[in-house]
Amino acid sequence: MDRLLDVQTDKMIGTVSVVLVISIIFNKLFERFSSEGKFWNDQPWTGLRPEWLAGARAYFRSFVSVRDMLDDGYHKKQAFALPMFGGKPWLVLPPGAAKEFISKSDADLDADLIHIQQLQVKYTLGPKGIHIMKRPLQFDVLRRQVTRKLPLLTNSVYDELDPGFKQYWGTNTKDWTEVEAFPTCLRLVTRAANRVFAGSEICRDERFLEHSKLYTQGLVFVAMALRLVPNFLKPVIAPLLTLRSNMHFRICLEICGPVIGDRIRNTKEKLENPSYGWEPPIDALQWLVEECIRTKDHTELEPALITRSLLLLNAVAIHTTSISITHAILNINTFEHSAETIAGLREECDRILKESGGIWTKSALNDSLRLDSTIRESMRYDDLEHLSVGRMVVNPGGVSTQVDDDRSSPLEFQPSDPREEFLKQQQQKEARPSNSEDLARHQTALDLKTTSLVTTSDAFLAFGHGRHACPGRLFAAQEMKLMLAELRYRENGGEACWLNVDVHQCSE
Ligand code: HEM
């Protein structure tokens, strides 16, 4: 059945590609002479070369060399237009504009619209796609419950990571084993995050892990292709392009549907009869079901809608975390002072784990300052996307194009934690300090707090900043720290080889 679908899909993709190329050319010509086209013509551009069909070629080149284009644009020290394969150009603002940009309201710069447009939600997330994005119960659950219940969730995440590492990285302590860092981190993160999103039954289902991943990846590619298609053709092209991701969705629904059905039945029963012998699991699916029941709108309880919400949580949470932790593992392992850093991290993990009785708790993870700052530095050094904090300009006066202030651009990976030194000095102070010393220390403590992994600022945008800053960052930080801490157990014949992942990984 899958093979038949593959052949049909391949033929369709061929036909669709030809139609696409023709329509893209017409679309680009039309855009060029519109008022929007005039706006873009007035901007300084990056990535354009003096060559035949310069604009079209820059768009195609942006697929592989957007980073170089951005570096080039950065040196202009002012806002510039960036060609973007699979869509309209972006106006990139200089770092000096970050503060003002982030303070703008959604009436000027809309955060949801850009996601709806980038993901082509109308065509990719099913008939209720826009409804899911505009009324994001799943994100409210995240904001209200997941972060608050983090101390209770640490154990669940660890419960999945520990067997997950054994399964994907093996248990051989004698020989070197090659491990592909990103695919295994993706698997581990999907499993651990879905324990918190969807519960233990769904998160351990290998089919769910595979098809939820393929669904998310497919969605991104389909959205990218659809952004190239003129609007009038989208209703015809989208059903063809989404054939494969719909198949992955149906498989996920097959797995999640019965679990969701049971949750709804049990939750309603428990609400009617509090002595009913069933304890609500501690996970986002349960909180989502409870929120949906509270709306008194029975359509919110459709298993397909709830599965889409779970998959949307997956879409924002999984690749972001997996890429960031893979970057951290590789950065720590490959930079100049890798050996000292690894030894320092190892010492910290051993000490804190001993102090917390051999169990990773939320407060033990909070105390792990070196883990925290190393991941933060890695996220600063190797960002997730070349462009962060995208917004759709909905008010023509919503953004001003301005010149950058002069900033240095540190291109070195330098993990270190200023907080640790400060705390050490604090502990060494025996005599009670004077009031002025107290104040100065209080200020230093406040300043240093801003260097924590989850504290966003206009100079650290890895999780965004302001009203729309990533609400999952505390959860992601906890998960990534647990992963690095777990890695320290990997030993080869008693010799520490923590984090030797990219080249060879020795496993327990
Ligand atoms: C290392 C991992 C992660 C990174 C680097 C990351 C980064 C980001 C960034 C840059 C934004 C956009 C902020 C903006 O536009 O101002 C964002 C938004 C968001 N993230 Fe994350 N994220 C991560 C993990 C997660 C996780 C684990 C979850 C869920 C548990 C999550 C849920 C969300 C949601 C719901 C939004 C939309 C917020 C809004 O529009 O108001 N993220 N994230």
Side-chain angles (χ1 to χ4, degrees), residues 90 93 98-99 101-106 109-119 121 132-150 153 156-157 182 185-186 188-198 203 212 216 283-285 287-288 309-329 331 371-372 374-392 453-458 460-484:
W90 283 61
L93 300 184
K99 216 176 227 145
F101 172 82
I102 276 154
S103 69
K104 294 272 182 184
S105 75
D106 280 350
L109 305 173
D110 195 305
D112 287 342
L113 268 185
I114 192 79
H115 296 136
I116 289 174
Q117 194 266 343
Q118 286 296 101
L119 269 183
V121 165
I132 296 178
M133 291 291 283
K134 290 251 170 188
R135 192 169 169 278
L137 278 183
Q138 62 282 346
F139 297 157
D140 293 346
V141 156
L142 185 68
R143 284 193 185 92
R144 280 207 296 271
Q145 305 267 30
V146 176
T147 304
R148 210 183 318 147
K149 301 248 167 66
L150 221 49
L153 299 173
S156 312
V157 173
F182 179 66
C185 283
L186 186 63
L188 281 160
V189 168
T190 313
R191 177 167 168 171
N194 274 292
R195 168 71 182 266
V196 171
F197 296 163
C203 85
S212 60
T216 308
D283 57 43
L285 172 58
W287 301 320
L288 192 56
S309 295
L310 285 178
L311 289 174
L312 198 57
L313 269 182
N314 270 268
V316 292
I318 305 297
H319 281 72
T320 46
T321 312
S322 313
I323 293 171
S324 304
I325 190 67
T326 306
H327 281 163
I329 292 170
N331 283 331
L371 281 181
D372 190 274
T374 306
I375 299 172
R376 185 186 205 265
E377 171 63 0
S378 170
M379 290 178 72
R380 180 203 66 78
Y381 177 70
D382 252 329
D383 42 15
L384 189 67
E385 290 179 297
H386 298 311
L387 293 169
S388 63
V389 197
R391 297 287 182 269
M392 179 80 83
L453 171 57
V454 293
T455 309
T456 65
S457 73
D458 58 318
F460 178 63
L461 293 172
F463 288 114
H465 182 48
R467 240 184 342 280
H468 292 284
C470 175
R473 63 189 187 280
L474 275 91
F475 175 68
Q478 173 166 304
E479 197 179 1
M480 291 191 291
K481 283 172 159 185
L482 269 176
M483 285 180 81
L484 278 195

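Note that ligands are numbered from 1 as they come in the structure, with each ligand's atoms numbered from 1 the same way. Atom set for the values below is all heavy atoms of this structure, side chains included, hydrogens, waters and symmetry mates excluded. Note that the coordinates shown come from a computational prediction; the quantities given were computed from them, not determined experimentally.
The line from NE2 of His327 to OG of Ser322 is 11.0 Å long, rounded to the nearest 0.5 Å. Rounding to the nearest 0.5 angstrom, the gap separating the CG atom in Leu312 from the CG atom in Leu119 is 7.5 Å. Of the inter-residue distances, the one linking Thr320 atom OG1 with Ile325 atom CD1 reads 12.0 Å to the nearest 0.5 angstrom. In this structure, the separation between CZ on Arg391 and NE2 on His468 is 5.5 Å, given to the nearest 0.5 Å.
In this structure, the side chain of Asp372 engages the main chain of Leu453 through a donor-acceptor pair within 3.5 Å. No donor-acceptor pair closer than 3.5 Å links the side chain of Arg467 to the backbone N or O of Ile102. A donor-acceptor contact shorter than 3.5 Å links the side chain of His115 to the backbone of Ala111. For the pair Ser378 (side chain) and Thr374 (backbone), a donor-acceptor distance under 3.5 Å is absent.
Contact annotation for Met379 and ligand 1: only side-chain heavy atoms (C-beta onward) come within less than 4.0 Å of the ligand. By the criterion of a heavy-atom distance under 4.0 Å, the side chain of Leu142, and not its backbone, is placed next to ligand 1.
Regarding atom 35 (C) of ligand 1, its nearest protein heavy-atom neighbour is Phe139 CD2, 3.3 Å. Nearest to atom 13 (C) of ligand 1 among the protein's heavy atoms is His468 O, 3.2 Å. In terms of protein heavy-atom proximity, atom 16 (O) of ligand 1 is closest to Arg391 NH2, 2.9 Å. Nearest protein heavy-atom neighbour of atom 1 (C) of ligand 1: Ser324 OG, 3.4 Å.
Taking 4.5 Å as the limit, every side-chain heavy atom of Trp287 sits out of range of all side-chain heavy atoms of Arg144. In this structure the side chain of Thr216 never reaches within 4.5 angstrom of the side chain of Leu311, judged on heavy atoms. Residues Leu142 and Phe475 are not in side-chain contact: their nearest non-hydrogen atoms beyond the backbone lie 4.5 Å or more apart.
Within ligand 1, the atoms closer than 4.0 Å to a non-hydrogen atom of Leu384 are 5 (C), numbered from 1 in the order shown. Per-residue contacts place Ala462 under 4.0 angstrom from the following atoms of ligand 1 (heavy atoms of the residue considered): 5 (C), 7 (C), 10 (C). Using a 4.0 Å cut-off to heavy atoms of Phe197, the atoms of ligand 1 that qualify are 30 (C). Shown in contact with Val389 at under 4.0 Å from a heavy atom are these atoms of ligand 1, numbered in order with element: 16 (O).
The salt bridge (Lys or Arg N to Asp or Glu O under 4.0 Å) test applied to Arg195 returns Asp159, Glu160, not counting sequence neighbours.
Only protein atoms were considered; those of element N, O or S under 2.8 Å from atom 21 (Fe) of ligand 1 number 1.
Residue His115 has no nitrogen or oxygen atom sitting less than 3.5 Å from a nitrogen or oxygen atom of ligand 1, judged on distance alone. Looking at Arg143 next to ligand 1, an N or O pair under 3.5 Å apart turns up.
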